[in-house]
Structure formats: structure tokens, C-alpha cells
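Written out below as C-alpha cells is the structure these notes cover.
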Amino acid sequence: MQGKGPPRSLWERLGEIDYRWLYALSLVLMVIPILRPFGLPTVVSEPTKGYYKAIVDLPPGSVVAVSFGSSLALLDEQEAQFIATWKVYFQHDLKVIFYCTYADSMIILNEELDKIVKPESYGKAYGVDYVRLPYAPLGESGEAAFATNIRGVYPTDIYGTPLDEIPMMKDINDHRGIDLIHFQYTSCTDVEFVIRQWVVPYGKKAIITTLGCCGPMAAPYYPTQIKGFLSGSGMGTELEVLSGNPGPGAVMSDAKNLGILGLLLFLLLGNISYIGKKFGGKG
Amino acid sequence: MKVNFWEILGAWVGAFFVISVMTMLWKDNPYFRFGQQAIIGATIAHMVLFNMKNVINMALIPISKGQLLLIIPFILGLMTYTRLLKDYAWIAKYPTSVLVGVGVGVMIAGTLRGQIIDQVKATVMDVFAATTATDTINGVIIAVGTVTAITFWIFTREHTGALGMSAKIGRVFLMISLGANWAGEEVWYLTQMIGRLIFLIEVFIKGALLGIA
Amino acid sequence: MSFARRELPTIILTACGVLMLLAFFTPFEAFTTIKGTLTSWTIVVAATSTWLGFAYMSYAQYRMYQRNPTRIQLIYFITPFAFFSLFLIVGISFPGNVSSPQYLWLLSSIYQQVGATIYAVMFFTLASSAYRTFTVASIESIALLLGGVIYTLRQIPLFPVFAPWLVPVGEWILLVPNVGGGRGAVICAAMAALVVGIRTLWGKEMTMVEA
Amino acid sequence: MIIRTGTYFDLLFLIVLVIASWYYMNKALRGEKLPSLRKIPAIDAISEGVGRSIETKRPVHYAMGASGGQLYSTLVSMTLTSIAFLKYISKLCARLGSRLIVHMPYQAESIPLIETTAREGYLEEGKPEMFRLEDMRYYGQGSLTWSQGITSSFAQEGVGLNLEIGIFYSDCPISLEMAKIMGGMNVGGTGRWIMVYAFAMMCDYVFLGEEIYAAGAVVSENPLMLSGIVIEEVGKIFVFLLLAIGFILAAIGMDVGAFFAH
């Protein structure tokens, strides 16, 4: 793909390797651990520990509200986070209200709960231990509305049953019935929604899950305003390790460990080329 | 294992499109071009479906129930189509004006506090609300970064002398920030790539092709 | 006619903008109601105009085929319309419409896969751009290189196992110099956006006046 | 009170900018001299790129971002700036005789504004016959289809100059890098800081962050638009002033958080 010109020195050629070699090398390095996982070690970071602690410290029977706004195209980055977290909820006898804030998220919620997490396998019953509320485009004002009047935003669950007829929801209609807010989002600046609408006005305990690139935006709020956060599949893997719930994150982490090496090698070659051209003369 | 026809077909169709997109990294080819044309049709239909649903739920049903004011935005929406008629194209300026007017109002209100006043406040508090010496030093570094970065965007003076030095320091801060942003996104995309490879290997090759999932 | 073509749209624009500002700066409920009405209108206007994109896409496809009437171009011409029809028909024919299992199958087999792959492909485009630009050529490019590489290594699970210092250094880069530079950038971009906004409400923004 | 509590500082800032706008826009209208501006190299690169496109017989591509047609969001100013660039590039292409392909955003409601602007560019240069409606491309919703569409267009029709200015999310890394790989010249920028890295790393000439607004005013060659840059500088001085006041108040022990909450 590079242009043809006069004969080039070794240094120049090192800096102009066809990108497709970089692509191919990275692909090969990623495929190896998928075929044969190594189980390389994972260090659990402080925000993940805080996240886990915020959940397991809740007394059994506490209510968690999960504001769920994930997208189908971003599932690779977040699936490990959801699955591990939801398993922890059911393992610790917490009651969970899932509410969907993005069109795709209802599809993901149903798929992951029914096919992977399977609350019934923990002895949990729908309507008694957890509920699923459908998609509504909440945004920040919608989050504020949910915290003050759940029925105003979600009159029914995803099956069309009025909330008043669901045993678990009988006495819950606003933030007073919620013990922990779990905010899940993919647009980095949305982190402020949970701070402004749950933490500041009601002093609610909050945890968040988001994309890897949104970690920088979430970090300033930890640990004062949010008790912990998972950004990206790497931290999803950390939670899998910490909670003893192996899941999709482990293979991802192995493949990441190796997959990045191709890029690092090319960065090295690029710099050797630069230094060589500057100080080495003709190669 | 019970073989589900639709799951297997889904794996084939999914793999077809995944590989189609990936081939563009190699070079342009008819397979990629076909996939690209297909997805244009699919996404426009997806958008049309959701938007039509919004028009029905947010305008037509309420209008039929007597909320006649909603005729105005509906007509404004229809006015955008005058762009297709040479002599009446100017009518499309009306919906644009309403949208931009509302947009500018929302923007001014949101920007003043969130992106200016609160940022100034945070810069001061990073220094003075710090509880340890390290946090104070970090706060000072952040303040230096903020101020020098702003000086980089001063256009009415040439960047020489003290302003030049400040702008240069600001540029270093900006570059570190750009590098960190690159890294945040690169690792996320790496995960996405691995996810697609897992799909191709586990779901398509092992599941649909070899039947050993 | 000139008034209807030029002045009146500008007056409407300014009125809408000022009403939104009044809703923000004053405590009067009436303005808040107007704001709510106008913002919900914008969704209806945008949603109603959705077929316009289809019209432009169709015209471009048709002209491309007309200029190059080969068999392969005919396939490219037909394909978007075929998939458009497929999604539209499935999306309205089954009970539940866009929530029907049939539509969801289409969505997860095509839409989700292509979406996820586009993000995946970006790994490579970012990698090749880094190979070109992450060099030790100047102080600025070294800053870019350090910011990028250290935070990358911080996020890959294996590296902090062997180099625990990557965790605090990576987080320091994120929370200190990154915040400093980024904050300056945000303030300046906001300032420029405000000036454009004020000029637009004033009826002096040339892009709106001339168009 | 007729002013909502908690918006005093916002209003004060807005008033400062409005007064500065009134003063400098009037000055510009009277034809008085405004302060000269430092050079932004990427502006000259645009005409260089159009020249190169003509030499290599490849088209110029212009993109505002897959989601760059936001008219009623907080990013509307960026949309208007991309429209200013669209006017400039269409005039330049008409004048120099280059083909221009515009990759439109998915917001269909912005199409009238975009098409009118591109068409007027050609009209103002006296070459309306050069405008080709089929070169206004539309790809449906989201960055996925947009990235594919623009890449396909580069491959099929070639790429000389690729100018990308506007609201960009995860859509620019593919289009910019593919243009580069296919031998195109990239010039561009966005006001969304989180995506500026892609432009800085993939463009031959970049408008860093706020530079897109300043450059948008310069290319408009309109004194009113140019006065905007001076107005921004007044705002920046006011920011420095607020910072100084904040630091002084904090140093004497006042609660700055409460102060700025007004």
C-alpha cells in the first residue's frame, strides 16, 4: 500500500512496512489464546474491589436498581461486566429492578438473563426477586423522574403487567425503596447523570459499569461519589476473578495480552527507524 | 446438542457480514462493496421504522385524540421535503430555523455552566480542596495545564515570547491528553476485535461449520 | 417574498432560541412548559423528515448505475433496496413489529455484527496511525507517545503484574495532565460554540442567513 | 426574583459575551480594522489539497461526521461551523474545477441546509452546472454504515483531498486512516476533544479543537464571522479573571464551591 520511489535504506524500510503485516500479526496473536487460553494472571484494581464490596456489603433482601443502557454493537466490551455483576446480585440474595434506557438494552437484558445468568438457577423468582422494566428513552431528566416516581416512567414491566400487581414492586415507587443504584451507560459524559440525579440529591450508594474509554471520565468521582466502577472488559474480568464467577472476560484478557504485542513491536520498529534515519546514516 | 436452524443461519449471515467488513483492511473488493450496500439499505430501514414509530406515537395518535398543536411540528417535518422541489426549496428553511433556534438555546444554557463555570470551579478546587501535599501538587499541575492549554488557542497574538512558551507547554499537556484518549479507545477496539474473532471461531467455525460447540 | 425567504426564518430562529434561554434563566413555569413543547417538537420534525435521506440515497444509487450500467453496478444498485425492503417488511409484518423475534434475528445477525466489526476494525486503523506518529521526534510527539503507551499498558491485564508502577503512573496521566490539557480544550471549544450561538441568535451567522 | 438561583454566573458570562459581540460586530460592520490573527497552517493546506486533487484527477471529499448534522443539540455550533467549511470548499472546488463529493450525516433534517449550502457555493462562483446532486451521499443511521460508505467511495472514486470537519464520534478513525492509506491528503478537526487524537494522528494538517471555529471564520472571509474570534478572546480573558478571583477567594479561606454555585 506504500508508494513506490527510489531505493530506500534499511531505516526507511523499517519505518514504512506495509500496515497489513501489522494487521496480520495482531490477528494471529489474538487468535492463539482464543484457541488455547493461557489463564494469565489478572491484578484486581481498587475501583473493582470497591465495586464488589459495595454489593456484598448490602444486607440480604436489599434492592438494587440497574439502569441499563447498553448497545448490541458494544457487547464484547461489556458482557463480562454484566454477567459477573448480575450473578453476584443473585448469589447474595439481593432484589433487582432492571430498567432499560436504550433500545438495544432490552434485547441484551432478556438474552443474558435467560440464557446465561438464569436467576431461577439461584432459586430466584420473577416478580418476587427481580423485575424487568422495558425500554424508555430516559436521558438525565428521565433518570430524575425514575428516582421520584417509578410508575410515572414505567407503568408496566416488559410483559405489560402493571407494577402494582408485581409483588416485589408493591412498596417501591421511588429512591426510598432503592438501596444501591447500578448505572450502566456507554456515552462517557453520562456519568454525571447518576451523580446529579441519585448521589447528590438522595445520597444514594452508586456503582457504575461502562466502556474502557469512559474510565477517565468516571475516575474523578471514585471513591467519594461512586463506590466503585468497571470500565471495559478488563475490569469485567477482574470482577470475574474477585467474585469467583469465571465468564467471557478471561479469554478476552488472554487475547488482549497477546494481541497488543504486535502493535508494541511495530511502535518499536517505527522508533528504531526514526533514530536510525537520524543518527545511523545509510542502513 | 439440539441444532437450531435459525441460530446456524444467523451464524452464517453474521460471519458473512463480519468478514465482508474486515476485508476492507486488505483492499477494496466486490464482497466488501456488496456488504456495504446491503447495510446502507438495512440501516435506513431501521431508522425509518423507529422514526415512523415516533411520528405515530408522538404526533399522529395525539393529534387524532385532539392535541392539535402537534400538527405544527408534523407540518414542519413535511416542509423539509420541499428541498426536493426546485421552486419551493426555500420553504425548508423554516424547519431548519426552528431546530437551530431550539438547539442554540439549549446549547448556550448547557455550555455556560457545564463547560465553563464548573470547569473553572474544578480547577480552583483541585488545588485548594486537596487534602495531601501530593494532591495539591497535582492540582497545581492541572491548573498549569488548563491555563497554558487555553493560551494555545489565543489567535490574536503571535505565539512568541512568554505567550509562545506558555502555548508550547500547553501543547505538551494537550498531546499527553490526546495520547491517553488514543489509548482508551485503542484497548476498547482491541476488545471488540477479539469479540468478533471469538464469534468467528466459536460460533461460526466450531458451532455452525463443525457442529462441535 | 424576500421577507418570507430571509427575515421571517431568522425571526423564528431567534424567538425559539430566546424562549429556551428564558426557560433556563427565569423561574417562570410558562417558559419551562414552552421549552418542553419545543424540544418535543424537534423530535417530531426530525422523525418526519426521515424519508428525505432515503430519497437522496436512491437518487445517488440510480445516477451511479446510470453512469456505469454494468451488471456488477446493477447488483450494487439493487442491494440496498432489497435489504431496505427486507428490514421494512419484517419490521412491520410480524406481531410486535420491531420487537418481534424475526426482526430481532435480523438485527442481531446483520446490524449487531456489522456494528461490532466496525469498532473492531478501528483497532487496526488506530494501530497503523500510531506506527506512523508515535515517534521520539519532538517533545510533543514524545508526550503523545508516553501518554498513549503508558495508558495502553495500564489497561492490558498482564503488564501491571510485572510492572505494578504502571497502575499509579497510568492513573496519574489520566487524572492529572490529561485533565489539565482536556479542561483547557473543553473551555475553549465551549467559548467558541457560545460565540457562534450568540451570532446565530442575533441573525448574523452567515451559514444560516445565506443558506 | 426574575433570575433563577444558580444561574447568576452563567448570566454574567453571557452578558459579557453579548456586549463583546455587540461591540466587535458593530466595529466589523463599520469596516474598522480588527486585530490580525495568527496563521493557522491547515487553512492553506485546503487549497493545496484541492490543487493536488486536480493534478491527480481525483475528487475532493468533504465530511461533517456520521452524526454531524445535529441542529438541535448542544453541538449545533459545530454543525454550523462545518456548514461554513462546506461553503468554502464548494466555492473552491467550483473555482478551481475539482469534483466535490459530500458525505452527509444521518440526520435527514439537516439535508436541506447542507444541500443548499453546497449548491450556493457553485452558484456564487458562476458554475451551477458543476454541482452534481448524486455527489451528495447519504448512508443511513450510525457510524457503521457511514464509515463503510465513505471508505467504499474512496476506493471506487479515488481520494485527493479528504476534508473532515464537524462532530465526530467513533466514525473518523476509519475514514481518515483509509483516506491516508489510499493516498489521499487528510485535513480536518473536531471540537469534541475526545476524538481530536484521531485527527492529530491521521491528518496531514489538523485543526486542533477550537481551531475549527477560528478557521471557519477565516475561510468565510466575512468580517462579522472574523470578529467572533476577537469576542472569544474576550471570553478567555474573562475565564482567566474568574480563575484569578477563585484562587484569591480560596486563598483567603472562602468556600469557592458555594461561591461558584450562584
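Per chain, numbering begins at 1; letters A, B, ... match sequence-line order. What you see is a predicted model; the values in this text were computed from it and never measured. Quick note: numbers below take in every heavy atom, side chains included, and nothing from hydrogens, waters or symmetry partners.
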Can you name the closest pair of heavy atoms from Q155(C) and G212(A) and give their distance?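 Result for this residue pair: OE1-O, 4.2 Å.
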Sort [X] into side chain, backbone, both or neither according to what part of it lies under 4.5 angstrom from a heavy atom of chain C.
X	result
Y274(A)	side chain
S71(A)	neither
L268(A)	neither
L261(A)	side chain
M30(A)	side chain
D76(A)	side chain

Look up atom [atom1] in [X] and atom [atom2] in [Y], then write down how far apart they are to the nearest 0.5 Å.
X	Y	atom1	atom2	result
L175(C)	Y222(A)	CG	OH	12.0 Å
T152(C)	L264(A)	OG1	CG	7.5 Å
Y119(C)	L74(A)	OH	CG	5.0 Å
I108(A)	Q112(C)	CD1	CD	7.5 Å

Report yes if the side chains of Y19(A) and T125(C) come closer than 4.5 Å at any heavy-atom pair, otherwise no.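 In short, these two side chains do not touch, never coming nearer than 4.5 Å.
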Are P157(C) and T237(A) side-chain neighbours, meaning at least one heavy-atom pair lies under 4.5 Å?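 Answer no - side chains too far apart.
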Is Y62(C) atom OH crowded by more than 12 heavy atoms from other residues, nucleotides or ligands, each under 6.0 Å away?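 No - once you tally the heavy atoms of other residues, nucleotides and ligands closer than 6.0 Å, there are 12 at most.
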Over 12 foreign heavy atoms within 6.0 Å of CZ, R67(C):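 Yes, the 6.0 Å shell around CZ holds more than 12 heavy atoms from other groups.
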[X] portion near chain A, given a 4.5 angstrom heavy-atom threshold:
X	result
I156(C)	both
F123(C)	side chain
L153(C)	side chain

Spell out the residues in residues 128-151 of chain C that have some non-hydrogen atom less than 4.5 Å away from a non-hydrogen atom of chain A, in order of number; otherwise answer 'none'.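 Contacts with chain A: S128(C), A130(C), Y131(C), R132(C), F134(C), T135(C), V136(C), A137(C), L145(C), V149(C), Y151(C).
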Let's test your reading of the structure: which of A127(C), G115(C), P160(C) forms the most heavy-atom pairs below 4.5 Å with chain A?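 Of the options given, most contacts go to A127(C).
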